[in-house]
Amino acid sequence: MLKVKVNDIDIEVEEGLTVLQACEIAGAEIPRFCYHEKLSIAGNCRMCLVEIEKSRKPVASCAMPVTEGMNIKTNTKLVEKARKGVMEFLLANHPLDCPVCDQGGECDLQDQSMFYGIDKSRFKENKRFVPEKYMGPLIKTQMTRCIHCTRCVRFATEVAGVPEIGAIGRGEDMQITTYLEKAMESELSANVIDLCPVGALTSKPYVFEARPWELKKTESVDVMDAVGSNIRVDTYGWEVKRILPKINEDINEEWISDKTRYACDGLKYQRLDVPYVKKKNNFNKISWPEALHILKNKINSTNPEKVAGLTGDLTNMETLFACKELFQKVLKSKDLESREKNIYINLNSRKNYLFNSEINGIEKSDLILLIGTNPRYEATMLNARIRKSFLKNNTEIISLGDLGDLTYPYKVISNLTEEVKKIIENNSDISKKIKNAKYPLIIFGEAALTLNSSKYLFEGFKKFLKENNKINEEWNSLNIIHSNASTVGSFDLDIVSKTNETLEKIDNNFFELIFLIGRDNFSFTKKNEFIVYIGSHGDKGAEIADLILPGAAFTEQDGYYTNLEGKLQMAFKASYPPGKAKEDWIIINEISKLIDKDSMFKNKDELLRAMHNYLSSSKKDELSSLFKEEYISEKIFTLPIDYYHSNVIARSSKTMNECRNIRTKLKKTGTEG
């Protein structure tokens with residue numbers, strides 16, 4: 001520890017910290033534009049100038065390391081004059097766009113010029129003009145406002161791993177651009193909007209929509225993937241206008257994916273707001289009493305063995321638990337399934353289906369093996385952590401098969417199951433690497449768990465890791481990446497067909513009545529089944545339905561979600577369902593009252609108590625699996641992912657459609673990546 005003095009306050013700080021960090025520890029506020037905790041130090045803006053004893057001139061505190069005995073002053077007349085001078089230079093070319101700038105009210109330049117600047121300028125020259133740049137459908141540019149802090153450049157290069165922004169020209173002619181002026185290809189690209197301290201980079205879909213002080217802000221959880229990124233939902237009236245990241249160092253740090261940020265306009269389109277019934281291939285609007293009467297007659301005339309239910313990828317845990325209770329206690333059916341495919345899952349312990357090393361644990365890993373997963377598209381924020389681990393630890397990353405650009409270098413080995421067999425039988429160089437590594441990470445994707453030999457591969461790898469002490473109280477190397485937000489929660493609630501037969505029976509048209517509870521990622525050849533769809537959008541599930549009961553989206557109801565590492569988080573209600581749509585758990589409760597003449601739950605609190613009691617007392621049962629624990633020679637592929645159309649909200653989003661069209665065009669022309 002080093003002893004330093006900040007504004008006559010004695011403090012101790014760790015060696016290696018900068019003067020700026022030391023000042024923050026001492027409680028002194030230091031203005032900055034170019035400095036950011038998650039990015040490398042640039043020292044461009046000079047706004048963070050401080051006075052250090054025995055130094056002849058002010059020092060840029062972001063780039064100066066602390067040394068023993070430093071005496072730092074942050075509020076002297078010299079510092080005040082220097083900051084005013086720097087601010088005058090920064091504003092010399094900055095246009096007076098505040099009334100029409102989307103950054104207004106959230107602008108670092110605006111705030112700091114009020115606090116540290118002066119009310120007049122000595123510059124009489126014409127202001128510099130820089131033409132707008134094209135950066136794709138997500139980012140609106142007004143580069144005349146740019147102060148060359150280079151945060152966006154450093155983010156794209158260091159965090160996103162797609163170095164597509166840079167500076168051209170010198171001096172007054174310097175410009176920040178994507179060089180060829182094309183759409184940014186990173187799935188994290190829009191984080192540069194949050195990083196930009198001025199209004200040079202703003203949100204293109206959000207342009208002129210609202211001012212920050214007009215918006216209601218609600219903390220929530222993202223459901224676009226299983227990572228569970230922490231977000232803030234901003235609503236104007238009851239319309240979701242934008243989604244921003246909320247800092248959570250254990251999960252998403254302070255970044256979110258572009259899909260998380262921009263799919264929210266899908267909450268406006270293709271919404272179901274009244275019940276529908278299909279007659280002569282046409283959907284007709286009906287009232288709730290009519291819809292429930294039709295459903296009651298159908299349930300009463302159907303054998304419980306012929307009733308099945310499928311839950312969806314965005315379904316919250318309250319709805320999942322209500323469905324479980326409905327099927328077990330009211331409908332007397334055993335066929336309730338949450339999986340989209342027959343993937344192998346061992347429910348004996350939670351550790352068999354979690355990302356056990358945890359997302360922030362990736363940063364200390366020294367070896368990563370990817371088996372049947374493409375983390376860039378399946379879990380974008382998790383992939384950013386893998387890149388961070390590579391940069392920080394020079395972590396060796398190995399993949400079974402070529403996955404394309406993952407934003408970090410990796411070694412490609414054969415994607416045959418034989419390769420995994422060699423590893424777990426200790427007949428491979430990778431076996432030695434795993435044994436020698438202190439914190440190895442073995443990551444299975446869902447694709448690897450759909451194989452005929454998936455039970456052999458998963459259980460064999462678990463046994464190999466246990467024997468070599470890579471699964472212990474301190475560290476668990478065995479991890480699974482799930483694609484859907486509801487997957488882990490549904491496994492915790494045991495919403496899995498015990499014999500793996502439900503999906504096969506559906507394919508064989510065994511059932512007469514099928515409930516699709518938010519289930520849209522689903523395809524089968526329908527014959528005489530009566531399908532009831534409970535959901536928020538007129539998508540794939542609603543298309544094949546005979547009866548549609550309009551539900552709520554994730555922003556329109558309080559709901560718990562468990563992310564892929566097993567953390568239970570709540571998505572809070574930010575708006576209301578449209579029209580006559582109802583919250584999902586209420587619909588399930590009304591169906592139970594319809595059949596049993598009594599609601600399963602009197603209110604939401606009773607449901608939550610019952611759910612938490614179940615989670616705390618649940619004993620996992622072993623599945624009588626269709627998967628045999630035997631080796632079969634197969635190829636391990638990753639699941640095909642339509643990244644911008646992965647769920648019902650994204651498919652309804654105009655912004656996601658535009659991103660998808662651009663990516664498709666780039667693939668056709670061969671210019672992607």
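Because the structure is predicted, anything quoted here is derived from the model rather than measured. As a basis for the values below, the full set of heavy atoms in this structure was taken, side chains included, without hydrogen atoms, waters or symmetry mates.
- Judged by distance alone, with hydrogens and angles left aside, the side-chain atoms of Ser349 form no donor-acceptor pair with the main-chain N or O of Asn352 at under 3.5 Å.
- Put simply, the side chain of Glu634 gets close to the backbone of Asn452: a donor and an acceptor are under 3.5 Å apart.
- The salt bridge (charged side-chain N to carboxylate O under 4.0 Å, His left out) check on Glu473 picks up nothing, with sequence neighbours excluded.
- Side-chain contact between Asn484 and Asn647 is absent, with no heavy-atom pair separated by less than 4.5 Å.
- In this structure, Phe491 has its ring center under 6.0 Å from that of His482.
- The heavy-atom pair separating Leu244 from Ile256 by the smallest distance is C-CD1, 3.9 Å.
- Phe524 is linked by a ring pair (Phe, Tyr, Trp, His ring centres under 6.0 Å) to Phe522, counting only residues two or more places apart in sequence or in another chain.
- In this structure, Asn479 contributes its side chain and Asn356 its backbone to a donor-acceptor pair below 3.5 Å.
- No side-chain donor-acceptor contact under 3.5 Å links Lys597 to the backbone of Ile595.
- Taking the ring centre of Tyr644 as origin, the terminal cationic atom of Lys259 falls outside the region bounded by 6.0 Å and 45° from the ring axis.
- For Lys466, the side chain to side chain donor-acceptor pair (under 3.5 Å) test picks out no residue, with sequence neighbours left out.
- Checked by atom type and distance alone, the side chain of Ser229 never pairs as donor or acceptor with a backbone atom of Asn252 at under 3.5 Å.
- Here Lys329 pairs with Glu325 in a salt bridge; the nearest charged N to carboxylate O distance falls below 4.0 Å.
- Annotation: ring pair (Phe, Tyr, Trp, His ring centres under 6.0 Å) contacts involving residues 217-240, sequence neighbours excluded, comprise Trp238-Tyr576.
- No donor-acceptor contact under 3.5 angstrom links the side chains of Asn661 and Thr664, judged on distance only.
- Remark: Glu459 pairs with Tyr344, Asn346, Lys462 by the side chain to side chain donor-acceptor pair (under 3.5 Å) rule, at least two apart or across chains.
- The ring pair (Phe, Tyr, Trp, His ring centres under 6.0 Å) search around Phe461 returns Phe444, not counting sequence neighbours.
- Looking at Thr638 and Asn374, their side chains never bring a donor and an acceptor atom within 3.5 Å of each other.
- Under a 3.5 Å cut-off, the side chain of Ser652 and the backbone N or O of Val648 do form a donor-acceptor pair.
- Electrostatic pairing of Asp492 and Arg350 counts as a salt bridge here, judged by a charged N lying under 4.0 Å from a carboxylate O.
- In terms of modelled atom types and a separation under 3.5 Å, the side chain of Asp596 and the main chain of Ser592 share no donor-acceptor contact.
- Rounded to the nearest 0.5 Å, atoms NZ (Lys278) and CD1 (Ile531) are 8.0 Å apart.
- Using a 4.0 Å cut-off between charged nitrogen and carboxylate oxygen, Lys341 and Glu446 do not count as a salt-bridge pair.
- One finds no salt bridge joining Lys216 and Asp234 here, because no Lys/Arg side-chain nitrogen approaches an Asp/Glu carboxylate oxygen to under 4.0 Å.
- For the residue pair Glu290 and Ser287, a side-chain donor N or O sits within less than 3.5 Å of a side-chain acceptor on the partner.
- Using a cut-off of 4.0 Å between Lys/Arg side-chain N and Asp/Glu carboxylate O, Arg660 and Asp642 are scored as salt-bridged.
- Judged as a ring pair (Phe, Tyr, Trp, His ring centres under 6.0 Å), the pairs with a partner in residues 284-335 (not counting sequence neighbours) are, in order, Phe321-Tyr614, Phe327-Phe515.
- Closest heavy-atom contact between Pro578 and Leu272: CG-O, 4.1 Å.
- For the pair Met381 and Ser257, the tightest heavy-atom approach, listed with the atom from each and the gap, is SD-N, 3.7 Å.
- The list of ring pair (Phe, Tyr, Trp, His ring centres under 6.0 Å) pairs with a residue in residues 547-568, not counting sequence neighbours, reads Tyr560-His612.
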Begin with the C-alpha distance, continue with both residues' side-chain angles, and end with the deciding distance and a verdict on side chain to side chain contact (heavy atoms under 4.5 Å, CB included) for Ile251 and Val227.
-> CA-CA 7 Å; Ile251 299 176; Val227 173; 3.7 Å; yes

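- Shown here are the side chain to side chain donor-acceptor pair (under 3.5 Å) partners of Thr373, two or more places apart in sequence or in another chain: Glu378.
- With rounding to the nearest 0.5 angstrom, the CD1 atom of Ile517 is 8.0 Å from the CD1 atom of Ile591.
- Using a 3.5 Å distance cut-off with no hydrogens or angles, the side chains of Tyr533 and Asp546 do not pair a donor with an acceptor.
- Side chain of Asn521 to backbone of Ser646: a donor-acceptor contact under 3.5 angstrom is found.
- In this view, Trp255 and His36, Phe155 satisfy the ring pair (Phe, Tyr, Trp, His ring centres under 6.0 Å) rule, not counting sequence neighbours.
- Salt bridge status for Glu556 with Arg271: present, with a side-chain N to carboxylate O gap under 4.0 Å.
- For Asn383 and Glu187, the side-chain atoms include no donor-acceptor pair closer than 3.5 Å.
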Under the side chain to side chain contact (heavy atoms under 4.5 Å, CB included) rule, what do Cys659 and Leu138 come out as? Steps first, then yes or no, please.
-> CA-CA 8 Å; Cys659 290; Leu138 306 180; 3.6 Å; yes

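- At a cut-off of 3.5 Å, with distance as the only test, a side-chain donor of Asn563 or Glu565 sits close to an acceptor on the other residue.
- With sequence neighbours left out, the salt bridge (charged side-chain N to carboxylate O under 4.0 Å, His left out) criterion links Lys298 to no other residue.
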Audit row: Leu354, Asn476, side chain to side chain contact (heavy atoms under 4.5 Å, CB included) steps and yes/no = CA-CA 10 Å; Leu354 295 182; Asn476 189 332; over 6 Å; no

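- The two residues Ala610 and Phe601 come nearest to each other via the heavy atoms CB-CE2, 4.0 Å.
- Looking at residues two or more places apart in sequence or on another chain, you find a side chain to side chain donor-acceptor pair (under 3.5 Å) between Tyr643 and Thr380.
- Judged by distance alone, the side chain of Ser453 and the main-chain N or O of Tyr631 form no donor-acceptor pair under 3.5 Å.
- With hydrogens and angles ignored, the 3.5 Å screen pairs no side-chain donor or acceptor of Asn248 with any backbone N or O of Asn230.
- Closest approach of Ile481 to Ala379, counting heavy atoms only: CG2-CB, 4.3 Å.
- No side-chain heavy atom of Glu253 sits less than 4.5 Å from a side-chain heavy atom of Ile247.
- With respect to the salt-bridge test (charged N to carboxylate O, under 4.0 angstrom), the residues Arg232 and Glu219 do not qualify.
- Classification of Glu590 and Lys582 as a salt-bridged pair holds, one side-chain N sitting under 4.0 Å from a carboxylate O.
- Under the 4.0 Å criterion applied to side-chain N and carboxylate O atoms, Lys573 and Glu583 are assigned as salt-bridge partners.
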Show your working on salt bridge (Lys or Arg N to Asp or Glu O under 4.0 Å) between Arg651 and Asp539 and close with a plain yes or no.
-> CA-CA 8 Å; Arg651 283 191 290 272; Asp539 200 71; 2.8 Å; yes

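- A salt bridge does not link Asp250 with Arg385: none of the charged nitrogens is closer than 4.0 Å to a carboxylate oxygen.
- For Met600 against Ile588, the heavy-atom pair with the smallest separation is CE-CG2, 3.9 Å.
- Side-chain contact, Glu529 with Asn509: a donor N or O sits under 3.5 Å from an acceptor N or O.
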